[in-house]
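In this chain, numbering begins with 1 at the start of the sequence shown. Below, all heavy atoms of this structure are taken into account, side chains as well, without hydrogens, waters or symmetry copies. As the structure is a prediction and not an experimental result, all values here were calculated from the model.
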Amino acid sequence: MSKRTKKQAFTNVEVLDAGAKGKTIAKAPDGKVIFLSNTVPGDVVDVQTFKARKAYYEAKATVFHKLSDKRTTPACEHFGVCGGCKWQDMGYEHQLYYKQKEVTNNLTRIGHIELPEITPILGSANQYFYRNKMEFSFSDSRWLTLEEVQSDADLGDRNALGFHIPGMWDKILDIKKCHLQADPSNAIRNAVKQFALDNNFEFFNTRNQTGLLRTMMIRTSTTGDVMVVIQFYKEDKSKRVMLLDFLAETFPQITSLQYIINEKANDTIYDQEVICYKGEDHIFEEMEGLKFKINAKSFYQTNSDQAFELYKITRNFAGLTGDELVYDLYTGTGTIAQFVAKQAKKVIGVEAVPDAITAAKENAQLNNINNVEFFVGDMKHVFNNAFIAAHGQPDVIITDPPRDGMHKDVVQQILNIAPKKVVYVSCNSATQARDLELMDTMYKVTKTQAVDMFPQTFHVENVVLLEKR
């Protein structure tokens, strides 16, 4: 066995901190860092390594000698097997502490940014049942827990409707109750599974590409709308109609019932036709009097209540008076652009996804907002001197890029334009810090505010206000 993969055991190791991507951190006797996935800071454990690198080990705790006072009892029966809520065993106040710490560390260590007085992280009022969108997968060979594998009991039904096991594309954990999306989500999922079993519907087999039922998406909104989209692997009209009629009759609160016939190898829906069976082909979300039309393929922040708080912070940081030309980069479906429009002279939104821009224009029309314009194109190409000449010199730029952050050409163009303020919204403070360092000669960070959009997970958003030096 090579030295790089040789397993080692360490005893009575104290877990010292929480790190990136939900890992916890300890120190080995030889001084190397140990990354753990099943502990809480303050635990004292024995560990077994399964990966060794020059500067660190990856390991799993095998024996717990002392449990941390930061621990709490997970609410979900699937915790530890399902990978969706890795921090459920940590008290919420401690989750917020480590999220705040990660953002601060990234900005100072990666970005080398001099920070102002840090505004405490904004926690979520709802620590469970906060998501407005969930996607579940069907499988004819559900994931077996360790207890089931070691048991002599009859394993019974092997069909599953639930979530992928982390890192395993073909393994689905059957979910009885998920704590991420409010009712009627659990009731719909469980009823669909039972109906499918009672009527001998074939659940999908990913490896063999066989079966009928592939996925189910449930979207809810603060307006009370409910969307359900069933994805079938092939057309079987009698069974399709049977299931969709059952859903419509059992859950009259469903306002948008749709389906997809997807015969390709993967289950992504963005290149598929979504067919409306009953109700509308969309639902509505509402925020501060604004309505946003959401279809099956739309992107919308998955925590509606906390998205409202995030957008308010963004608008507050922008400090608009009504006279400013605002550019909203990576505008998506234009939610931030429309949210700040009433306090701006004009807002220009730019986004690479054509369908998102179509939705942004439709929502602006729906909301009777006349001082916004939306343009589609790859940011690093469309956001050029000709674009600025055509649409004007922005006073404020709001940017909300994907996890990878902004392309270096986009950062350079912001520096070339040199607006008075830049408000940078990020779902990845590491790439945000990298971009801030590139802008540090011209801009000073004057405000920073972390926002917890996803309780029970390690994910955190951060908003930064940059003002010219």
For [X] and [Y], work out which heavy atoms get closest and say how close.
X    : Y    : result
D400 : S426 : OD1-N, 4.5 Å
F79  : P74  : CD2-CG, 3.5 Å
N38  : K60  : ND2-CG, 3.4 Å

Using the side-chain contact (heavy atoms from CB on, under 4.5 Å) definition, which of the options [options] pairs with [X]?
X    : options                : value
Q95  : F458, F454, W87        : W87
L161 : K176, R189, R142, Q194 : R189
T331 : I357, V353, V350       : I357

Under a 4.0 Å threshold between the charged nitrogen and the carboxylate oxygen, would E102 count as salt-bridged to K99?
no
Would you call R315-E288 a salt bridge at under 4.0 Å N-O?
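Counted as a salt bridge, because a side-chain N and a carboxylate O are separated by less than 4.0 Å.
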Under 30°, 30 to 60°, or over 60°: which ring-plane class applies to [X] and [Y], parallel, tilted or perpendicular?
X    : Y    : result
F232 : Y259 : perpendicular
F201 : F195 : perpendicular
F308 : F339 : perpendicular

When you measure from the side chain of [X] to the backbone N and O of [Y], does any donor-acceptor pair fall under 3.5 Å?
X    : Y    : value
T457 : C85  : no
D404 : T431 : no
S429 : N106 : no
Q306 : G123 : yes
D378 : A352 : no
D435 : M406 : yes
R219 : N295 : yes

For residues D355 and T358, is any side-chain donor paired with an opposing acceptor at under 3.5 Å?
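No, no side-chain donor-acceptor pair sits under 3.5 Å.
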